[in-house]
Amino acid sequence: QVQLVESGGGSVQAGGSLRLSCAVSRFTYTTYCMAWFRQAPGKEREGVAAILPRDGSTYYVDFVKGRFTISHDNAKNTLYLQMDSLKPEDTAMYYCAASAASWFFCRLMRLSQYSTWGQGTQVTVSS
């Protein structure tokens, strides 16, 4: 069973940066794809970015393209989300998630495709 623990959230002013980390235990990179989701108060959880660690393929939703970067470190078993040029509308709880589905389905970023979730880390962006 994969276990995920996020960290790195915090408060930042608009235009600032944060890097989120997700420590992954009991993980087989050849099996899973990984993603970041977020959920703002009163809104549904939505996908942000996904990565297939075994070949480095990445996918970003339109509203973070050019601002966020998803990456992973095999040696550290850690997933990252570098967030630059943050906006107040980026304020949300951010979750990392793992999926054993194919990359085609992982890129769709449907919640149902992701079987394992972390507890989340809060990101607050002030104007």
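All values reported here derive from a predicted model rather than from experimental measurement.
Taking 4.5 Å as the limit, every side-chain heavy atom of Leu108 sits out of range of all side-chain heavy atoms of Gln113. Residues Ile51 and His72 are in side-chain contact: their nearest non-hydrogen atoms beyond the backbone lie under 4.5 Å apart. Met109 has its side chain within reach of Tyr59: a pair of non-hydrogen atoms, C-beta onward, lies under 4.5 Å apart. Under the 4.5 Å side-chain criterion, counting only non-hydrogen atoms from C-beta, Phe105 is not in contact with Cys33. With a 4.5 Å cut-off on side-chain heavy atoms, Gln119 and Glu6 count as touching.
With rounding to the nearest 0.5 Å, the separation of OH in Tyr114 from CE in Met34 is 9.0 Å. Distance check, rounded to the nearest 0.5 Å: OH of Tyr32 to CG of Leu52 gives 13.5 Å. Remark: Gln13 CD to Thr124 OG1 distance equals 12.5 Å, nearest 0.5 Å. With values rounded to the nearest 0.5 angstrom, Trp36 atom CH2 is found 4.5 Å from Leu20 atom CG. Distance check, rounded to the nearest 0.5 Å: CG of Asp90 to CZ of Phe68 gives 4.0 Å. Note: Arg67 CZ to Leu86 CG = 6.5 Å, rounded to the nearest 0.5 Å.
When all heavy atoms of Ser85 and Ser17 are compared, the pair lying nearest together is N-OG, 4.4 Å. The minimum heavy-atom distance linking Ser21 with Thr78 is given by the pair CB-CG2, 4.1 Å. Nearest heavy atom pair, residue Cys106 against residue Ala50, reads O-CB, 4.3 Å. Shortest non-hydrogen contact noted between Ser7 and Thr121 is C-OG1, 4.1 Å. Nearest approach of Leu81 to Ala49, heavy atoms of both residues: CD1-CB, 4.4 Å. Of all heavy-atom pairs spanning Ala40 and Ala92, the tightest one is N-CB, 3.8 Å.
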*Can you list the steps and then say if Phe37 with Trp117 is a ring-ring contact (aromatic ring centres under 6.0 Å, His included)?*
CA-CA 10 Å; Phe37 289 77; Trp117 295 82; 4.8 Å; yes

*Please test Phe63 against Glu46 for side-chain contact (heavy atoms from CB on, under 4.5 Å), starting from the C-alpha separation and ending with a verdict.*
CA-CA 11 Å; Phe63 55 78; Glu46 61 184 358; 3.6 Å; yes

*For the pair Val12 and Met83, evaluate side-chain contact (heavy atoms from CB on, under 4.5 Å) and give the outcome as yes or no after the intermediate values.*
CA-CA 11 Å; Val12 64; Met83 305 186 295; over 6 Å; no

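Hydrophobic clustering of Ile, Leu, Val, Met, Phe, Trp and Tyr side chains at less than 4.5 Å, counting indirect connections, unites Val24 with Tyr95. Both Leu111 and Met93 are part of a single hydrophobic cluster, where members link through side-chain heavy atoms under 4.5 Å apart.
Between the side chain of Tyr60 and the backbone N or O of Gly66, no donor-acceptor pair lies under 3.5 Å. Thr91 places a side-chain N or O within donor-acceptor distance of the main-chain N or O of Val125, the cut-off being under 3.5 Å.
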